[in-house]
There are 2 protein chains.
Amino acid sequence: MIEYSGQPHYLVAVDCIVFGFDGEHLKLLLVKRGLEPEINKWSLIGGFVGANESPDDAANRVLKKNTGLEGIYLEQLQIYGEPHRDPIERTLSVGYFALIDIHKYEAQLSDEYHAEWFLVNESPKLIFDHAQMVADARKKLRYKAALHPILFEMLPKKFTIPQLQMLFEEVNDTKIDTRNFSRKISSTGLLIKLEEKDKSGSKKGAFYFKLDKKKYKANFQAFLNLIPNLKL
Amino acid sequence: MIEYSGQPHYLVAVDCIVFGFDGEHLKLLLVKRGLEPEINKWSLIGGFVGANESPDDAANRVLKKNTGLEGIYLEQLQIYGEPHRDPIERTLSVGYFALIDIHKYEAQLSDEYHAEWFLVNESPKLIFDHAQMVADARKKLRYKAALHPILFEMLPKKFTIPQLQMLFEEVNDTKIDTRNFSRKISSTGLLIKLEEKDKSGSKKGAFYFKLDKKKYKANFQAFLNLIPNLKL
DNA sequence: TTATTAAATGTCATTTTGACAAATAATAAT
DNA sequence: ATTATTATTTGTCAAAATGACATTTAATAA
């Protein structure tokens, strides 16, 4: 086979910043690294890009391998390519952030796989430049969530408005006025009110809502401006 | 040196989608490819990532080499990594989009370098997946420019409101109401009106403005909502 | 029956937006 | 010198969106 002469070749990896929401706090899914160097240290879910797959394919593959999950919301963050970010040999890594409905998969996660959820603000020291990746991912999540309804990806099919608001508050690390928030959310027309109530949080109970899938897909690219007094 | 055993290694390149504005239309800077395959075909400005540089470094380097320009606005687009996107051997490419003040460098461009400007809508067939990169870059440019004042990067230090509006109209492929546009622009507080007028376009002449650099940097991350009836 | 507690909803003044047309400043023509 | 021309600049108003603020409601517990 012909080759481009004399050019250096590198390893290419993917790393996934996996976010979840437990109903109260934003969480981060981490694994213990399985190879040297830094074996058994906490790491993002990642792996090398194989010969017959794209980075996107690789990200989906390593997510499936480490969590059993398929069809996860996944978005390219950026490439991390400082020459010495990996001490062994040069490896460029494509960062992805992923959003997971934490409840849906909680059981199988802790059993079959040894990934663990951490509160984003209490996560352990990470290998290489993974802490930077997490910081970048949080920033991008805030940015994106202010304009597009991606946070629903972290909620179960049925959810309440107070839950939704808590998620927004967690992501943006801010308090939002209840009245203005529900007005804005309902003005998007993305939610369908259900008969059932969630009684776990209060005596009165909060009505469940579900996403209007059609409108969700149609409006995914539209600008919603969901965060008041937004300053990034 | 220790290596990760058995993992495939790839070439990593960068490709820059370079936009400019000639006062009327949005333009794209292309070069004739200098190596096989597809030698002498039109291509984005690109090159391989060297052993001691990051992709960001590489992008700046190839831009300097092909245009003589330094300090250009450059932003990572995404990675292009389909296994067979390069027919010779596997090469992943990091896409960047760049914004240039076309006038400032017009002379040196055409003389020293053989890069050429094309109207974005009349650009020639491009190699590999470069056409896709251009399409993605245009989309991201629209998106970004709707929220952040990046389009000023394509204008000379002194510019008029009608020029600015034309640029916005070009990027968004739409007509904007003059009155609402200037109201919105002036409400950003980013512009400083100069004494001088540009008499080239009309009898009355249009006042020159310049950017308030401090406010520009301070507000770069803020949301400006510059495009009416925005639908992406 | 009352107390408790979180959920849901309403009001109002201010700001922003979108749609629309008239006035202005400089030169060119008569 | 007056008028015509043409792009630039600016103004109005109704509608919608926003931010700040407190009360009512529904269910259970006391």
Side-chain angles (χ1 to χ4, degrees), chain A residues 23-24 146-149 155-156 158-170 172 174-210 219 222-232, chain B residues 23-24 146-147 149 155 158-170 172 174-210 219 222-232:
Chain A
E24 286 193 87
L147 301 166
H148 306 288
L155 288 172
K158 295 185 303 184
F159 52 86
T160 67
I161 303 292
Q163 279 171 25
L164 183 62
Q165 179 170 345
M166 256 190 291
L167 175 51
F168 270 85
E169 290 178 337
E170 270 287 301
N172 291 283
T174 183
K175 284 290 174 190
I176 305 176
D177 182 272
T178 317
R179 296 154 286 193
N180 294 340
F181 179 77
S182 66
R183 178 177 61 193
K184 205 160 234 179
I185 288 296
S186 64
S187 80
T188 65
L190 291 177
L191 297 193
I192 298 172
K193 193 176 192 171
L194 303 179
E195 298 292 316
E196 196 186 353
K197 270 188 170 182
D198 169 29
K199 296 283 187 60
S200 67
S202 70
K203 296 161 189 169
K204 182 177 179 178
F207 279 104
Y208 278 118
F209 288 78
K210 66 174 182 180
N219 287 314
F223 282 25
L224 296 177
N225 202 11
L226 296 166
I227 300 300
N229 295 318
L230 183 64
K231 276 172 189 71
L232 302 172
Chain B
E24 286 194 86
L147 301 166
L155 288 172
K158 295 186 303 185
F159 53 87
T160 68
I161 303 293
Q163 279 171 24
L164 183 61
Q165 179 169 346
M166 257 191 289
L167 174 52
F168 270 85
E169 290 177 336
E170 270 289 298
N172 291 284
T174 183
K175 284 290 175 188
I176 304 176
D177 181 90
T178 316
R179 296 154 286 191
N180 295 338
F181 180 77
S182 66
R183 177 177 59 191
K184 205 160 236 178
I185 289 296
S186 65
S187 79
T188 66
L190 293 176
L191 297 192
I192 297 171
K193 194 174 190 171
L194 303 178
E195 298 291 317
E196 195 186 352
K197 270 188 171 183
D198 168 29
K199 295 284 186 61
S200 67
S202 71
K203 295 160 188 168
K204 181 178 179 180
F207 279 103
Y208 278 117
F209 288 79
K210 67 174 180 181
N219 287 314
F223 282 22
L224 296 177
N225 201 10
L226 296 165
I227 300 301
N229 296 318
L230 181 64
K231 274 166 192 76
L232 301 173

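Naming: A, B, ... by sequence-line order, numbering from 1 per chain.
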Rounded to the nearest 0.5 angstrom, the CG-CZ distance for B:L191 and B:F207 is 14.5 Å

Between protein and nucleic acid, restricted to nucleotides 8-15 of chain C and to nitrogen or oxygen atoms under 3.5 Å apart, what atom pairs and distances do you find?
residue : atom : partner : partner atom : Å
C:dA8   : OP1  : A:F207  : N            : 2.8

Please state how far atom CD1 in B:I176 lies from atom C1' in C:dA19, giving the value in whole angstrom units.
15 Å

Could you check how far CD of A:Q163 sits from C1' of C:dA7, rounded to whole Å?
13 Å

In whole angstrom, what separates A:K184's NZ from D:dA17's C1'?
8 Å

Sorted by chain and number, sequence neighbours left out, side-chain contact (heavy atoms from CB on, under 4.5 Å) with A:E169 holds for A:Q165, A:M166, A:K175, A:I176

Apply ring pair (Phe, Tyr, Trp, His ring centres under 6.0 Å) to A:F209 and list each qualifying residue two or more places apart in sequence or on a separate chain.
none

What is the distance, to the nearest angstrom, from the NZ atom on A:K199 to the C1' atom on D:dA29?
14 Å

Applying side-chain contact (heavy atoms from CB on, under 4.5 Å), name anything that partners A:K158, two or more places apart in sequence or on another chain.
A:L194, A:E196, A:Y208

Could you tell me how far apart B:L191 (CG) and D:dT9 (C1') are, to the nearest whole angstrom?
15 Å

N/O donor-acceptor pair under 3.5 Å between B:K193 side chain and B:K210 backbone
no

Between C1' of D:dT8 and CD1 of B:I185, the distance in whole Å:
16 Å

Whole Å only: how far is the CZ atom of B:F181 from the P atom of D:dT10?
14 Å

Between A:D177 and A:N180, which heavy-atom pair has the shortest distance, and what is it?
OD1-N, 3.0 Å

Would you say the side chain of A:L155 lies within less than 4.5 Å of the side chain of A:L167, judging by non-hydrogen atoms?
yes

Length of the line joining A:L164:CG and C:dA7:P, which is rounded to integer Å
13 Å

Expected rows: protein N/O vs nucleotides 3-5 of chain D N/O, under 3.5 Å:
residue : atom : partner : partner atom : Å
D:dT5   : O2   : B:K203  : NZ           : 3.1

Using salt bridge (Lys or Arg N to Asp or Glu O under 4.0 Å) as the criterion, list what pairs up with B:D198, not counting sequence neighbours.
none

Walk me through it: do A:F168 and A:T174 pass the test side chain to side chain contact (heavy atoms under 4.5 Å, CB included)?
CA-CA 8 Å; A:F168 270 85; A:T174 183; over 6 Å; no

